[in-house]
Amino acid sequence: MGIDLTDKLVETASKRAVTINEYGDTVYGSTTSRPCLYRDISLLSQGGNRDQVTIDGLLWFGASESVVKGDVYYHSSEGYLKIQKITRAKRLVADNTLQFIKCEVTKIRQIS
């Protein structure tokens, strides 16, 4: 018995192709829609006299999704999200099959 999130992935995130133009600007290109689930968590860390947002939310994908740190996704209600950390959830040591992918994301606050 494993953890199957397929029925829970009721939202859609569009993976954005990211390139850098000759001026050093980030250019967001074509999109590919993927089923997902997003939850806002807004995790803060405090250092000295200022607060810093470390994680804005969690984004879950199915086991077959190809996710890489630094990928940018667009979520209709949250805007642009950048993958900061990836956790690949596996069932058991003996089975070792991938069940789902959980990503810690930050919101991209400025898109050129």
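In this chain, numbering begins with 1 at the start of the sequence shown.
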**Request:** Verify the cluster assignment for V18 and I83: are they in a single hydrophobic cluster under the rule of side-chain heavy atoms below 4.5 Å apart?
**Result:** no
**Item:** Residue pair K69 / K85, side-chain heavy-atom distance below 4.5 Å
**Value:** no
**Item:** Between F61 and Y73, ring centroids under 6.0 Å
**Value:** yes
**Item:** I41 vs I55 side-chain heavy atoms within contact, under 4.5 Å
**Value:** yes
**Asked** Say you draw a straight line from OH of Y80 to OH of Y74; how long is it, rounded to the nearest 0.5 Å?
**Response** 6.5 Å
**Request:** Indicate yes or no: at least one non-hydrogen side-chain atom of V67 is less than 4.5 angstrom from one of C103.
**Result:** yes
**Item:** Pairwise distance CD(Q84) to CG(L59) - rounded to 0.5 angstrom
**Value:** 12.0 Å
**Item:** Interatomic spacing from CG in L58 to SG in C36 - rounded to 0.5 Å
**Value:** 12.0 Å
**Message:** Looking at every non-hydrogen atom in both residues, tell me the closest pair between S33 and T12 and how far apart they are.
**Reply:** CB-CG2, 3.7 Å
**Asked** Can you list the steps and then say if E11 with H75 is a side chain to side chain contact (heavy atoms under 4.5 Å, CB included)?
**Response** CA-CA 8 Å; E11 301 174 36; H75 188 276; 2.5 Å; yes
**Request:** State, yes or no, whether a side-chain contact exists between I101 and I86 at a heavy-atom distance under 4.5 Å.
**Result:** yes
**Other residues, nucleotides, ligands: >12 heavy atoms within 6.0 Å of K107 NZ** = yes
**Complete:** Rounded to the nearest 0.5 angstrom, the CZ-CZ distance for R88 and F100 is 12.5 Å
**Request:** Identify whether the distance between the nearest side-chain nitrogen and carboxylate oxygen of D71 and K82 falls below 4.0 Å.
**Result:** no
**Request:** Run through V72, T106, V105, I108 and flag the one making a side chain to side chain contact (heavy atoms under 4.5 Å, CB included) with L81.
**Result:** V105
**Distance (rounded to the nearest 0.5 Å) between D56 CG and E78 CD** = 8.5 Å
